[in-house]
Number of protein chains: 2
Amino acid sequence: MDEIDELLSIRAAELYYEENKTQDEIGQALNLTRWKVGRLLAQAKHRGFIRIEIVHPRARRLPIERRLRDERGLDDAIVVSSAGVASIEELQARTAQAAADYLTALRPVPRTLGVSWGRTLFEISQHLRNGWATGVNVVQINGGVSLNRRAGTAAATAVSIAQKGGGQATLLPSPAILERLETKEAIESDRVVAGVIELARSADAYLFSAGAADHNSVHVESGYLSPTDVDLLVAKGAVGDVVGRYIDSDGNIVDPALDARTVGLTLDELRAARLAIAVVAGPAKHAVADAVVRSGLCSVLVTDEATALHLLDG
Amino acid sequence: MDEIDELLSIRAAELYYEENKTQDEIGQALNLTRWKVGRLLAQAKHRGFIRIEIVHPRARRLPIERRLRDERGLDDAIVVSSAGVASIEELQARTAQAAADYLTALRPVPRTLGVSWGRTLFEISQHLRNGWATGVNVVQINGGVSLNRRAGTAAATAVSIAQKGGGQATLLPSPAILERLETKEAIESDRVVAGVIELARSADAYLFSAGAADHNSVHVESGYLSPTDVDLLVAKGAVGDVVGRYIDSDGNIVDPALDARTVGLTLDELRAARLAIAVVAGPAKHAVADAVVRSGLCSVLVTDEATALHLLDG
DNA sequence: GGCCTTCCTGCTCATATGAGCATTCCGGGC
DNA sequence: GCCCGGAATGCTCATATGAGCAGGAAGGCC
């Protein structure tokens, strides 16, 4: 395509998209046949001169979703648009909304849903509508008795999801990470705890997020880890955590000793699940999102456009 | 339109614009008739959820041009798109290019073109192609014998426009602003100078820019004014200059004494012209652009999108 | 210069889309 | 319960558009 045609295609595009002229009218205006105009417009589209964006908080990016499915082997992918997004909070809200929408539309409706906890999960629970399902029982898949002011968030999340879905929540009455291996084993052998974990293993679907390996983590905030602990994990290659278990960029456990003191489903149990929905948004989580997808921790990913593009191109 | 329909219209738009599905296919996918889909898409467009942008340095904004013509009484307006613009320099280049394109396409071709000088005019001269016209004579409309290193820019601009247009340049051999009124009157009564100004008055068309009233002005750079002079003009309400004459936001001369010492066409002569093309770009010139258009200094405006929107909404 | 290949142009025809209209549905008033 | 007005729906039909093809121009190669 020479420069003349390039310019003509721009003029044609202006008349077509901004002035709503027909290709025929454009042809008359520019002294071209309507077929030539059609070809110029096709060229302009093909060469990326025409950018069409859907500007709406609920807008998704289907072509990127397709690429994630095809190129990264996911069963499904939900990518929310970043167009017109003003803040990271809004991005997270959009993603949480999309996750809530996905859960609501999920068929068959899971009888038992295993959930993790954290800021993302809490937000999803807020975006779910009353009656999003009928009779969905919710079970926590990792420890989450909070140690401080945030106490109750983990429980509130599971309870809210269950209540709005017309079911019961089963909480895992245990800290996320214990200081001593013996304590962790003792807790896990407790009849109630063991029962909950057994129930969690039998869930039809899992819904969880991933955390970045930084001082902003809920594990630091909840007091399970100190900022120094996180620094050490990062030094060992940690990019983030899933259900409280810190992984490197290949999805491997970074610190087996720490992992052994962490209560809840193991990552391999998660990997073996038929339906594991990861919800990960924001630039801070690009690395951990990559590790999650790469190592097959989820079969469905709900994320934002920038993170998705990072997974595909980065 | 309720929320359900709003969401459906977004889903439909995704399938239509991103997946290139037909409205019929979308209907099947979403359990709607194809007419409903068509209506949803129309709604989505109408409510601004669909944003179509033409991303190209030569792209123009025809709807804004129309508004400028209709609402601001211009004979013609050229508005270059700001989409994907990286720097102010690029914006100015785009605008200069558009001005060059406009001149090239101008019919009837002017026999004599009056031009001012400055950075914008110089850039336009660079963007013009050899043979953009055949036999266009160019005459300077304001004084421009530079006093310093920039010497020659003013002359080079006029000569370049003339040469590329297959004509001759007539330079105005006079400083832009003189220190004493008597000198200015003496120069203007010089036979050569008087002849050039007479020729300038008879031009078929004028091409000029406007300068912001700041220390970055070419008049400061060329030594005709000191930064302090400009500060004083600003204090008197100056928003910028046209052919070396400083105006306030209503287009009135700010300092009649200074104006009397300025050589070249007067603003009223410019206002009386049949075809006066002003080329003004960049955020620094929003105020002066407004004054130019408001006071009828130009019949044709070439500008950038942001400046145009400022004229319309600001 | 003649020939061949390749790309481009203008066409026919099938399909997709939008305008306008009749019908149906729904909520409010009696 | 019944009627009515207004909105939403599904339709017919005219128009706009894209796919595919035949003919022709342009340019390279002998």
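The chains referred to below are lettered A, B, ... by the order of the sequence lines, with proteins before strands, and numbering in each begins at 1.
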Query raised in the report: Does the side chain of A/Thr33 get closer than 4.0 angstrom to OP1 or OP2 of C/dG10 through an N or O atom?
Result: yes
Query raised in the report: Taking only residues two or more places apart in sequence or in another chain, which ones pass side chain to side chain contact (heavy atoms under 4.5 Å, CB included) with A/Ile88?
Result: A/Gln92, A/Pro283
**Report entry** Spacing of A/Asp2 atom CG relative to D/dA26 atom P, expressed in whole Å
**Finding:** 14 Å
Requested in this report: Could you check how far CD of B/Gln43 sits from P of D/dA7, rounded to whole Å?
Outcome: 13 Å
Query raised in the report: Which pairs, with at least one residue in residues 127-137 of chain B and sequence neighbours excluded, count as a side chain to side chain donor-acceptor pair (under 3.5 Å)?
Result: A/Glu3-B/Arg129, B/Gln97-B/His127
Please write out the pairs of protein N or O atoms and N or O atoms of nucleotides 20-24 of chain D separated by less than 3.5 Å, giving the distance to one decimal.
unit_1: D/dG20; atom_1: O6; unit_2: A/Arg39; atom_2: NH2; d: 3.3

**Report entry** Presence of salt bridge, B/Glu90 and B/Arg94, under 4.0 angstrom
**Finding:** yes
Query - Least distance between heavy atoms, B/Ile50 atom then B/Ala13 atom - result: CD1-CB, 3.5 Å
**Report entry** Least distance between heavy atoms, B/Asp204 atom then B/Arg111 atom
**Finding:** OD2-N, 2.6 Å
Query - For B/Arg66, all residues meeting side chain to side chain donor-acceptor pair (under 3.5 Å), sequence neighbours excluded - result: A/Glu19
Query raised in the report: What is the distance, rounded to the nearest whole Å, between atom NZ of A/Lys36 and atom P of D/dA19?
Result: 17 Å
Query raised in the report: Roughly how far, to the nearest 0.5 Å, is the CG atom of B/Leu15 from the CD1 atom of B/Ile10?
Result: 11.5 Å
Query raised in the report: Do the rings of A/His286 and A/His310 sit parallel, tilted or perpendicular, given the 30° and 60° boundaries?
Result: parallel
Query - Bending between helix ends of the helix from C/dG1-D/dC30 to C/dC30-D/dG1 [5 pairs per end, 10° resolution] - result: 20°
Requested in this report: Keeping the roles fixed (side chain from B/Ser81, backbone from B/Arg61), state whether a donor-acceptor pair exists under 3.5 Å.
Outcome: no
**Report entry** A/Arg67 bridged to A/Asp313 by N-O distance under 4.0 Å
**Finding:** yes
For nucleotides 14-17 of chain D, list the nitrogen or oxygen atoms of the protein found under 3.5 Å from its nitrogen or oxygen atoms, one pair per line.
unit_1: D/dT17; atom_1: OP1; unit_2: A/Tyr16; atom_2: OH; d: 2.8
unit_1: D/dT17; atom_1: OP2; unit_2: A/Gln23; atom_2: N; d: 2.8

